[in-house]
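Numbered from 1 within each chain, the chains take letters A, B, ... in sequence-line order. Just so it is clear, the values below take in all heavy atoms, side chains as well, and ignore hydrogens, waters and symmetry mates.
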Amino acid sequence: MQTVKVQSEDFDAGALTRALSAGRTDIGAVATFVGLVRGAADGVQEMTLEHYPGMTEKALAEIADEACQRWHLMAVSVVHRVGALLPGEQIVYVGVAAAHRGEAFAACEFVMDYLKTRAPFWKKEQTAQGGHWVDARDTDDEAAARWDEVEMRR
Amino acid sequence: MQTVKVQSEDFDAGALTRALSAGRTDIGAVATFVGLVRGAADGVQEMTLEHYPGMTEKALAEIADEACQRWHLMAVSVVHRVGALLPGEQIVYVGVAAAHRGEAFAACEFVMDYLKTRAPFWKKEQTAQGGHWVDARDTDDEAAARWDEVEMRR
Amino acid sequence: MKLTVLYFASLRELLGQARETLELPDAVDSIGALRATLSARGEAWGRLAPGHNVRAAVNQVMASDAARIGDGDEIAFFPPVTGG
Amino acid sequence: MKLTVLYFASLRELLGQARETLELPDAVDSIGALRATLSARGEAWGRLAPGHNVRAAVNQVMASDAARIGDGDEIAFFPPVTGG
């Protein structure tokens with residue numbers, strides 16, 4: 001079961017997580033990730049997320065597919081918001097269900113790392129000094145690259 | 001903020017996760033894990049979790065403390081159930097909030113790995129053939145041991 | 001050869017447009033050739049020349065400069081992605 | 001010297017008891033010495049002898065055979081943990 005959504009509305013991480021294992025008894029592990037807009041310390045007043053409609057959904061589905069090829073997963077769910085977001089608001093949800101925890105953790109982190117470098121989203125931050133586009137981080141490329149070598153874990 | 005609970009009642013993973021970042025704008029990443037009772041394929045009809053009252057809470061608090069020493073975390077929450085549980089029911093929740101995702105993922109997996117080898121819980125499974133105590137897995141010891149060497153990640 | 005070309009994020013703002021439809025000679029048959037054609041417009045369009053870290057997609061799939069393009073394709077140019 | 005000794009899980013079932021209070025000579029001053037004393041009871045108690053993968057805690061902290069024990073301590077014996 002793979003679900004991928006791009007939406008401007010907020011999401012209910014608890015409901016998304018429950019849906020991953022609802023009515024099943026073969027799932028032993030559910031790992032999830034929620035990304036949030038950081039504000040105060042960075043002076044960010046608002047964040048706007050632009051995306052490439054059509055390609056975004058395809059890219060997220062491909063990333064979820066690749067995770068399912070690398071690990072034995074029972075469910076993957078990815079939700080990414082677009083549009084204007086305030087500090088503290090949720091940006092992205094990734095949830096992965098598997099028989100064992102090693103697979104669930106690895107696949108969840110893999111999806112986030114690949115999403116960060118392959119899914120066409122762009123962040124623009126609004127601060128007191130005006131708006132500026134967030135630069136891509138080298139550490140994100142490195143995080144994604146380590147999966148090229150990593151062995152599958154149980 | 002560290003919260004550790006041992007209880008027989010079920011927990012609301014969504015509410016626990018929201019509580020980790022509620023009212024804050026310095027958290028960019030929340031990683032969570034939920035462990036569930038697997039049933040059908042393994043022939044498990046019921047699972048009973050025994051624990052060592054007093055030591056369990058101490059052990060969980062120590063594990064959360066150690067995670068906070070290894071990584072810069074903003075919140076850690078651990079809930080573990082005891083008593084009789086049916087297939088599909090939730091056993092354990094671990095939630096970790098941090099500024100960045102690498103820290104949140106690593107700390108969440110660390111807490112689970114240490115919990116599996118250091119917190120005094122014991123599982124007894126009930127199958128059609130009767131009850132039997134679950135054996136400790138070598139892979140759990142290995143999973144915990146790798147943190148002795150691992151470098152902290154961003 | 002008719003192409004739809006999309007621009008996103010900082011590149012969209014820099015170029016002052018989000019999409020255009022182009023009629024081009026069939027010789028412009030790769031992403032690299034299209035970059036050369038567009039950057040020749042001068043000024044901000046120079047950003048599409050090599051060395052400016054602008055990524056490309058052909059029909060919604062990430063593409064290198066060697067990727068072939070043809071009539072009816074949807075091409076996109078954008079900065080490195082920053083979602084998540 | 002007075003000790004409270006607790007047994008958990010499969011060990012509790014095997015020994016047929018969850019807790020006992022013991023009066024022991026002061027010479028029994030380590031987990032190792034306590035294991036020797038208890039396993040000398042014979043039969044199922046032999047499980048507490050070395051080599052049976054039974055863990056110990058002193059006052060709710062994991063402890064090796066060398067760990068010192070004293071009057072009023074709470075000692076626990078149990079199989080490797082299997083929570084989570």
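Once rounded to the nearest 0.5 Å, the distance linking CZ of B/F121 with OG1 of D/T82 reads 10.0 Å. Residue D/M62 holds its CE atom at 8.0 Å from OG1 of B/T117, rounded to the nearest 0.5 Å.
In this structure the side chain of B/W133 never reaches within 4.5 angstrom of the side chain of D/P79, judged on heavy atoms. Taking 4.5 Å as the limit, some side-chain heavy atom of D/F78 sits within range of a side-chain heavy atom of B/M55.
Looking at B/K123, both its backbone and its side chain come within 4.5 Å of chain D, counting heavy atoms on both sides. In this structure, the portion of B/H51 lying under 4.5 Å from any heavy atom of chain D is its backbone and not its side chain. Heavy atoms closer than 4.5 Å to chain B are found in the side chain of D/A57, but not in its backbone. Using a 4.5 Å cut-off between heavy atoms, B/D140 makes no contact with chain D at all. The contact between B/K116 and chain D is made by backbone and side chain atoms together, counting heavy-atom distances below 4.5 Å. Heavy atoms closer than 4.5 Å to chain B are found in the backbone of D/N59, but not in its side chain. Contact annotation for B/R118: only backbone heavy atoms (N, CA, C, O) come within less than 4.5 Å of a heavy atom of chain D.
The number of heavy atoms from other shown groups lying within 6.0 Å of CD (B/E9) is above 12. Heavy-atom neighbours of D/D71 CG from other residues, nucleotides or ligands within 6.0 Å: above the threshold of 12. Annotation: D/R41, atom CZ; neighbour count of heavy atoms from other residues, nucleotides and ligands within 6.0 Å is above 12. Residue D/H52 places its NE2 atom among more than 12 non-hydrogen atoms of other residues, nucleotides or ligands, all under 6.0 Å distant.
Per-residue heavy-atom pair counts under 4.5 Å with chain B were compared for D/S10, D/A76, D/A9, D/P80, and the maximum is reached by D/A9. Ranking B/H132, B/K124, B/M112 against chain D, the residue ahead of the rest is B/K124, based on heavy-atom pairs under 4.5 Å.
The main-chain N or O of D/G84 is found under 3.5 Å from a side-chain atom of B/H80 such that the two form a donor-acceptor pair.
Smallest separation of non-hydrogen atoms from D/V81 and B/A136: O-CB, 4.0 Å.
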